[in-house]
Asks: 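Take a look at the following structure, please.
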Protein chains: 2
Amino acid sequence: MKPTRPTTRPIPKRPATMAEVAARAGVSAMTVSRALKSDGAVSEETRRKILAAVDELGYVLDLSAGALSSKRTGFVAVLVPSINNSNFSDTARGITEIIEGQGLQMLLGYTDYDMEKEEQLVQAMLTRRPDGIIVTDGRHTPKARRMLESAGIPVVETWDLPDDPIDHVVGFSNAEASRALVHRLYQKGYRNIGFIGGASRRDTRGADRRLGYTRAVEELGLPVGRTISFGNPPISMEQGGQAIVHLVQQWPDVDAAVCVSDLSAFGAIMECHRRGWAVPGRIAIAGFGDFEVSRCAWPRITTVTVDCRNIGREAGRVLLNALDDVQHDRTPAPSTLIVPFEVIEREST
Amino acid sequence: MKPTRPTTRPIPKRPATMAEVAARAGVSAMTVSRALKSDGAVSEETRRKILAAVDELGYVLDLSAGALSSKRTGFVAVLVPSINNSNFSDTARGITEIIEGQGLQMLLGYTDYDMEKEEQLVQAMLTRRPDGIIVTDGRHTPKARRMLESAGIPVVETWDLPDDPIDHVVGFSNAEASRALVHRLYQKGYRNIGFIGGASRRDTRGADRRLGYTRAVEELGLPVGRTISFGNPPISMEQGGQAIVHLVQQWPDVDAAVCVSDLSAFGAIMECHRRGWAVPGRIAIAGFGDFEVSRCAWPRITTVTVDCRNIGREAGRVLLNALDDVQHDRTPAPSTLIVPFEVIEREST
DNA sequence: GACCCGATTGTTATCGATATCGTAAGCGAT
DNA sequence: ATCGCTTACGATATCGATAACAATCGGGTC
């Protein structure tokens with residue numbers, strides 16, 4: 001199947017400008033601008049002429065020029081640890097869903113679970129003069145924090161409940177969620193609960209979950225310290241499989257494992273299958289995040305669910321409100337929205 | 001844990017401009033511009049003064065203004081069907097990896113497997129005057145195609161081998177890959193092979209895979225037409241589970257199922273577990289895409305692998321080359337790069 | 001008829017950077 | 001001393017839109 005070339009490839013001509021459209025329609029550029037934004041008052045008659053000219057020239061508005069004069073770029077910067085994680089891509093999706101109707105465009109960046117990288121990204125993003133910024137974390141390098149604070153745009157921190165928020169927050173306490181999960185396992189009769197997570201502190205949400213686990217086992221009077229740290233965040237399915245082996249070998253009496261995410265939990269369960277360890281008979285396994293794989297695996301995986309898409313939507317809404325305030329010269333009041341989480345018990349525990 | 005407010009929240013002041021930096025450093029704006037791009041000739045002495053001023057004022061370059069005069073925005077528009085699919089997010093990641101070093105920023109959009117939505121997105125993206133655009137498809141609405149052709153920027157189509165490329169291509173034939181998979185199953189002895197895919201033609205890659213399946217069973221003289229269409233693309237794990245039940249009930253003698261993606265394959269396998277149908281004893285199941293879950297599931301899933309991240313990297317490189325050509329007033333020659341795929345046999349077949 | 005009003009359109013200045021060209025200084029060669 | 005060349009930097013025009021204000025027009029009010 002040899003691809004054929006189109007016989008005529010149009011010469012890459014410089015795109016038309018608004019002035020050219022205006023000339024063709026016999027009006028001024030300003031009128032064209034108004035007609036295209038459909039906010040200004042333009043008579044039906046002229047609007048038709050203008051749209052005709054737009055069509056004939058194949059004109060598309062140049063927002064990068066408009067941004068300069070209107071001082072609003074229509075960009076919303078969004079920083080997520082990784083896009084290859086359905087929790088965060090769901091959040092990104094929720095954000096898009098809300099803002100795209102308002103003519104806003106998301107500028108997405110990956111921090112790789114790394115605060116240094118986040119700092120660089122913040123700087124790079126500010127370079128594009130976004131109208132607002134949404135970050136997926138409550139902790140930042142001092143410089144990143146300073147940049148965010150002095151950017152003069154609304155900031156939304158998500159997926160966390162920072163002690164000292166920069167501006168707006170849409171999140172939940174990862175530690176509390178993890179703690180609730182351990183308590184639930186306790187109620188079910190498990191007394192020897194381990195934790196599987198990443199090896200570095202880069203992933204602050206992961207660290208918080210571990211913290212919640214530790215608090216819970218302490219307050220329940222269970223054996224403590226049964227944690228396996230394995231690999232750099234984000235810990236993969238494969239790593240979860242390796243970690244569960246370490247956990248069981250190191251503490252053979254462990255009867256339940258809380259994993260930092262569903263992905264590692266899934267890997268752990270599959271490894272148990274392979275080794276003939278019954279789940280939850282030999283060992284119960286729980287995850288975090290309610291990924292699709294947890295609902296669909298066999299056994300289905302006990303997990304903590306948060307509505308990721310909704311975090312995005314809410315963050316988007318908070319940002320839109322703030323932008324609206326800014327536009328009307330009101331000083332937006334910082335807000336904190338706590339989204340609910342829920343422990344979902346399934347067959348794996 | 002009540003969040004506390006910072007005691008002093010800096011007044012959201014308008015960010016500093018280059019002219020202010022220039023004034024503070026006692027030079028002209030032009031010199032500041034040169035110092036910050038580090039390409040122009042600026043003495044060490046002045047550069048130090050300028051960087052000091054930049055630091056004191058917390059100045060960050062405004063690329064949105066720079067874009068207007070330099071006529072290069074530094075944006076690369078990237079359209080993917082869905083970001084919540086690790087294949088495409090890997091590709092997006094590969095693109096970022098290559099372009100971010102060049103000061104380019106990705107503008108990501110989701111088409112939702114919908115050509116109409118793609119058309120709208122193309123228009124919206126062109127509004128930002130990207131320097132280049134990468135799309136994840138070889139088929140487009142006529143209007144979208146016209147816009148892409150006349151945008152005057154390099155275009156890269158990926159994940160497909162279009163019959164009539166717009167400009168550059170980095171992809172593979174989904175039909176050939178699917179066909180190869182069926183042949184492999186045939187070699188293993190399977191003679192009654194079904195196909196599970198989405199119900200609409202929106203997902204052109206999915207449709208191509210089905211086409212490859214059909215061709216293969218025809219040329220092998222196997223029973224044809226054993227396809228289940230279930231749900232709108234992207235077909236989920238859950239839907240894969242439901243589809244396999246339909247398939248087996250409708251053609252009880254089916255001994256193997258090819259799924260349009262690993263996700264549906266995984267769902268199908270888990271459903272088989274639940275029903276006590278041995279995989280591959282009762283029925284063999286294969287997927288497409290080599291998602292992490294396929295490597296980690298039990299049994300591991302036979303699939304077709306393509307290096308998604310590499311598709312992104314190559315697409316990024318092709319684009320950079322083209323941009324380089326444009327910048328040096330060379331007319332870039334359209335290119336087609338075919339990336340390899342590979343059938344990976346695992347325990348599920 | 002004077003005046004005001006709303007609807008529609010045009011004029012001009014401007015957003016914040018960079019392209020382009022110009023200028024001045026320094027330096028070696030003739 | 002002059003020329004040519006390089007290096008460092010400034011002045012000005014410009015990119016393509018929009019903000020802000022001005023102008024025009026028809027009609028209604030008093």
Side-chain angles (χ1 to χ4, degrees), chain A residues 13-50 53-54 57 59-75 103 126-131 151-152 327-329, chain B residues 13-51 53-54 57 59-75 103 126-131 152 327-329:
Chain A
K13 49 171 188 273
R14 180 188 46 79
T17 73
M18 190 174 269
E20 289 164 16
V21 174
R24 185 169 194 116
V27 296
S28 75
M30 196 61 233
T31 306
V32 175
S33 173
R34 281 192 272 249
L36 293 183
K37 306 212 94 69
S38 68
D39 68 327
V42 179
S43 74
E44 261 322 302
E45 169 67 8
T46 24
R47 183 190 308 278
R48 258 210 332 281
K49 276 192 304 190
I50 289 170
V54 163
L57 294 174
Y59 174 71
V60 286
L61 197 55
D62 184 341
L63 286 182
S64 77
L68 193 56
S69 36
S70 70
K71 297 182 139 296
R72 297 192 302 110
T73 56
F75 284 127
L126 291 183
T127 252
R128 303 293 187 171
R129 294 288 188 273
D131 296 336
Q327 193 165 6
H328 295 84
D329 289 321
Chain B
K13 49 170 189 274
R14 180 188 48 77
T17 73
M18 190 175 269
E20 289 164 17
V21 174
R24 187 170 191 114
V27 295
S28 75
M30 198 57 235
T31 305
V32 175
S33 174
R34 282 192 270 250
L36 293 183
K37 306 213 94 67
S38 67
D39 68 327
V42 180
S43 74
E44 262 320 304
E45 169 68 9
T46 25
R47 183 191 308 277
R48 259 210 331 280
K49 277 194 304 192
I50 289 171
L51 292 183
V54 163
L57 293 174
Y59 174 72
V60 285
L61 197 53
D62 184 340
L63 286 182
S64 78
L68 193 55
S69 35
S70 70
K71 297 178 143 296
R72 298 194 299 112
T73 55
F75 284 127
L126 290 184
T127 251
R128 302 294 187 170
R129 295 288 189 272
D131 296 337
Q327 193 165 7
H328 295 83
D329 290 321

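Only a predicted model underlies this, so the values are computations on that prediction, with no experimental measurement involved. Each chain gets a letter, A, B and so on, in the order its sequence line appears, and its residues count up from 1.
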Asks: Between B:V21 and B:V54, what is the shortest heavy-atom contact and its length?
Replies: CG1-CG2, 3.8 Å
Asks: Taking atom CG of B:L57 and atom CD of B:E20, what is their separation to the nearest 0.5 Å?
Replies: 7.0 Å
Asks: Extract, from 5' to 3' on DNA chain D, the first and final nucleotides lying under 4.0 angstrom from some heavy atom of chain A.
Replies: D:dG16 to D:dA20
Asks: For B:A22 and B:A29, work out which heavy atoms get closest and say how close.
Replies: CB-N, 3.6 Å
Asks: Under 3.5 Å, which N/O atoms of the protein pair with N/O atoms of nucleotides 21-25 of chain C?
Replies:
none

Asks: Mind listing the residues from residues 20-30 of chain B sitting with a heavy atom below 4.0 Å of DNA chain C? Number order is fine.
Replies: B:M30
Asks: Taking all heavy atoms of B:Y59 and all of B:L36, pick out the closest pair and write down the distance.
Replies: CE2-CD1, 3.6 Å
Asks: Let me confirm one number: the CG-CG distance from A:L126 to B:L63, rounded to the nearest 0.5 Å.
Replies: 11.0 Å
Asks: Figure out the CD/C1' separation between A:E44 and C:dT8, and round it to whole Å.
Replies: 13 Å
Asks: For B:V32 and for A:Y59, locate the closest nucleotide of DNA chain D by heavy-atom distance; then report the residue assigned to the nucleotide nearer the 5' terminus.
Replies: B:V32
Asks: Search all heavy atoms of B:A25 against all heavy atoms of B:A53 and return the closest pair with its distance.
Replies: CB-CB, 4.1 Å
Asks: Do you know the tightest heavy-atom contact between B:R129 and B:T73?
Replies: O-OG1, 2.7 Å
Asks: Evaluate the side-chain proximity of A:D62 to A:T17: yes if any heavy-atom separation is below 4.5 Å, no if none is.
Replies: no
Asks: List the residues meeting side-chain contact (heavy atoms from CB on, under 4.5 Å) with B:E45, not counting sequence neighbours, and say none if there are none.
Replies: B:S43, B:R48
Asks: Enumerate the residues from residues 62-75 of chain B whose closest heavy atom to DNA chain C is under 4.0 Å, giving them by residue number; use none for an empty result.
Replies: B:D62, B:A65, B:G66, B:L68, B:S69, B:S70
Asks: Locate the shortest heavy-atom distance separating B:A35 from B:V42; write the atom from each residue and the value.
Replies: N-CG2, 3.8 Å
Asks: If you round to the nearest 0.5 Å, how far is NZ of A:K71 from OG of B:S64?
Replies: 9.5 Å
Asks: Hey, what bend do you get for the helix from C:dG1-D:dC30 to C:dT30-D:dA1 if you fit axes on five pairs at each end, rounded to 10°?
Replies: 50°
